[in-house]
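Below is one structure; the comments refer to it alone.
Computed from a predicted model, the values in this text were never measured in an experiment. What's counted below: heavy atoms across the whole structure, side chains too, no hydrogens, waters or symmetry copies.
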Amino acid sequence: MDTALVVVGDHHTAFHAHRGAIAATEVLDLLRTGNLPTTVALAVGQGVTDPQLRELAELTERGGHRLAWPSALRHAPYPHPRDHALIGPLTRTGSAEFRADLLMDERVRVLDDHLNGQHTPAVTLIEAARQAWTIATEQHLLDQRQRADSVISEIRDIRSSFHRYLFPLPANVVCVLTARTPSAAGELFDFDTTIHQGGVLAARIKARIHVVPTVLARKQELLAARQCLRDELDRCADRRAATEQG
């Protein structure tokens, strides 16, 4: 057996064929039966579910195995359910910089239809970036009053570039606030979010988001919905009139 293994989610079946990768279910079976030598070091990759993480932590600690957790989780490996999360806890590493480990649970909905290859699809990385800048904004950049009264109403602009495949191995997200600008209603936040694997840039997602008072956001949405409905009803009426004339 290899001296080091990366534990990846059960659904990453194409990736399991690589030497050094092992499915979460398989490694847990080996640990339960005592058939994994303590000389084998383990690292947590992507796709491992929350219950699997919990059992992996318990069994490796009990058996004396070496387990490399993503840095933010070493002291709190399963702090909360991650059914919808693609990143681990986000930490502030500078006045405008935030970091998190990419930590995807394969049950997350955005992955449901996209695990048909070996690499992580672009749409998943964009969602991971969105989670990073949302948490950075809501938990770190807004004060207590703003958190209570404001909401991210929309993404004004988003640009993405992808530089290499990202596989179900350890990776991290770096989210940097590049600008914060008052607007007619609320504020605009510009973020430059990068995703790295093995110290190499895999993806970059730049976005501008609009944070406005909750009451105003709801009013704007209501007015926009009414206008769209009126426009569609007008088009329906025009089509009907054209049909009757024809």
Inset, instruction - Quickly, which of Val173, Thr120, Thr124 forms a side-chain contact (heavy atoms from CB on, under 4.5 Å) with Leu86? Name it, please. - result: Thr124

Inset, instruction - Would you name the heavy atoms of Gln197 and Ala171 that are closest together and state the gap between them? - result: NE2-CB, 3.8 Å

Legend entry - Step-by-step side-chain contact (heavy atoms from CB on, under 4.5 Å) determination, Ile22 to Leu30: CA-CA 11 Å; Ile22 189 169; Leu30 291 172; 4.0 Å; yes

Inset, instruction - Measure the shortest side-chain to side-chain distance between Leu42 and Val40 over non-hydrogen atoms and say whether it is less than 4.5 angstrom. - result: yes

Inset, instruction - Could you tell me whether Glu154 atom CD has more than 12 heavy atoms of other residues or ligands within 6.0 Å of it? - result: yes

Inset, instruction - Return yes if a side-chain donor-acceptor contact under 3.5 Å exists between His210 and Arg156, otherwise no. - result: yes

Inset, instruction - May I ask whether Leu90 and Val174 are part of the same hydrophobic cluster, defined by side-chain heavy atoms of I, L, V, M, F, W, Y residues being less than 4.5 angstrom apart, directly or through others? - result: no

Legend entry - Exercise: identify the closest heavy-atom pair between Asp190 and Arg208: OD2-NE, 2.9 Å

Inset, instruction - Indicate, with yes or no, if Leu59 and Leu67 share a hydrophobic cluster defined by side-chain heavy-atom contacts under 4.5 Å among Ile, Leu, Val, Met, Phe, Trp and Tyr. - result: yes

Legend entry - Distance-only donor-acceptor check, side chains His18 and Gln118, under 3.5 Å: yes

Legend entry - Chi angles and distances behind the side-chain contact (heavy atoms from CB on, under 4.5 Å) call for Phe167, Phe15: CA-CA 8 Å; Phe167 295 104; Phe15 201 77; 3.8 Å; yes

Inset, instruction - Sort out for me which residue in Thr25, Thr33, Val27, Leu31 forms a side-chain contact (heavy atoms from CB on, under 4.5 Å) with Asp29. - result: Thr25

Legend entry - Pair Leu28-Gln52, side-chain contact (heavy atoms from CB on, under 4.5 Å): steps then yes or no: CA-CA 8 Å; Leu28 287 172; Gln52 289 172 333; 3.9 Å; yes

Inset, instruction - If a pair satisfies side-chain hydrogen bond (donor to acceptor under 3.5 Å, both in side chains) and one of its residues is in residues 169-181, list it, with sequence neighbours excluded. - result: Arg180-Glu187

Legend entry - Atom CD of Gln227: over 12 foreign heavy atoms under 6.0 Å: yes

Inset, instruction - State which residue, out of Arg159, Arg204, Lys206, fulfils the side chain to side chain donor-acceptor pair (under 3.5 Å) condition with Asp192. - result: Arg204

Legend entry - Non-hydrogen atoms of Arg164 and Val200 that approach each other most closely: NH1-CB, 3.3 Å

Inset, instruction - Can you see which heavy atom on Ala179 is nearest to which on Leu177, and at what distance? - result: O-CD1, 3.3 Å

Legend entry - Enclosure of Arg230 CZ (heavy-atom neighbours >12, cutoff 6.0 Å): yes

Legend entry - Presence of salt bridge, Glu232 and Arg235, under 4.0 angstrom: yes

Inset, instruction - List the atom of Ile205, the atom of Leu125, and the distance in Å for their closest heavy-atom pair. - result: CD1-O, 4.0 Å

Inset, instruction - Kindly work out whether a path of hydrophobic side-chain contacts (I/L/V/M/F/W/Y, heavy atoms less than 4.5 Å apart) joins Ile135 to Ile126. - result: yes

Legend entry - Side chain to side chain, Ile152 and Thr137, heavy atoms closer than 4.5 Å: yes

Legend entry - In one Ile/Leu/Val/Met/Phe/Trp/Tyr side-chain cluster, 4.5 Å: Leu142, Val176: no

Legend entry - Closest non-hydrogen atom pair between Gly45 and Leu103, with its separation: O-CD1, 4.4 Å

Inset, instruction - Would you please test Leu53 and Val44 for side-chain contact (heavy atoms from CB on, under 4.5 Å) and show each step? - result: CA-CA 8 Å; Leu53 279 175; Val44 176; 3.8 Å; yes

Inset, instruction - Return yes when atom CZ of Arg32 has more than 12 non-hydrogen atoms of other residues, nucleotides or ligands closer than 6.0 Å, and no otherwise. - result: yes

Inset, instruction - Would you give the length of the straight line joining atom OG1 of Thr194 to atom CG of Leu201, rounded to the nearest 0.5 angstrom? - result: 6.0 Å

Inset, instruction - Take the angle between the ring planes of Phe98 and His140 and call it parallel below 30°, perpendicular above 60°, tilted in between. - result: tilted

Inset, instruction - Answer yes if Val8 and Tyr165 sit in the same cluster of Ile, Leu, Val, Met, Phe, Trp and Tyr residues linked by side chain heavy atoms under 4.5 Å apart, and no otherwise. - result: yes

Legend entry - Asp231 side, atom CG; Arg226 side, atom CZ - distance, nearest 0.5 Å: 14.0 Å

Inset, instruction - Assess whether salt bridge (Lys or Arg N to Asp or Glu O under 4.0 Å) is satisfied between Glu97 and Arg99, documenting all intermediate values. - result: CA-CA 7 Å; Glu97 182 183 271; Arg99 291 176 178 261; 3.2 Å; yes

Inset, instruction - Verify the distance criterion only: is there a donor paired with an acceptor across the side chains of Thr13 and His11 at less than 3.5 Å? - result: no

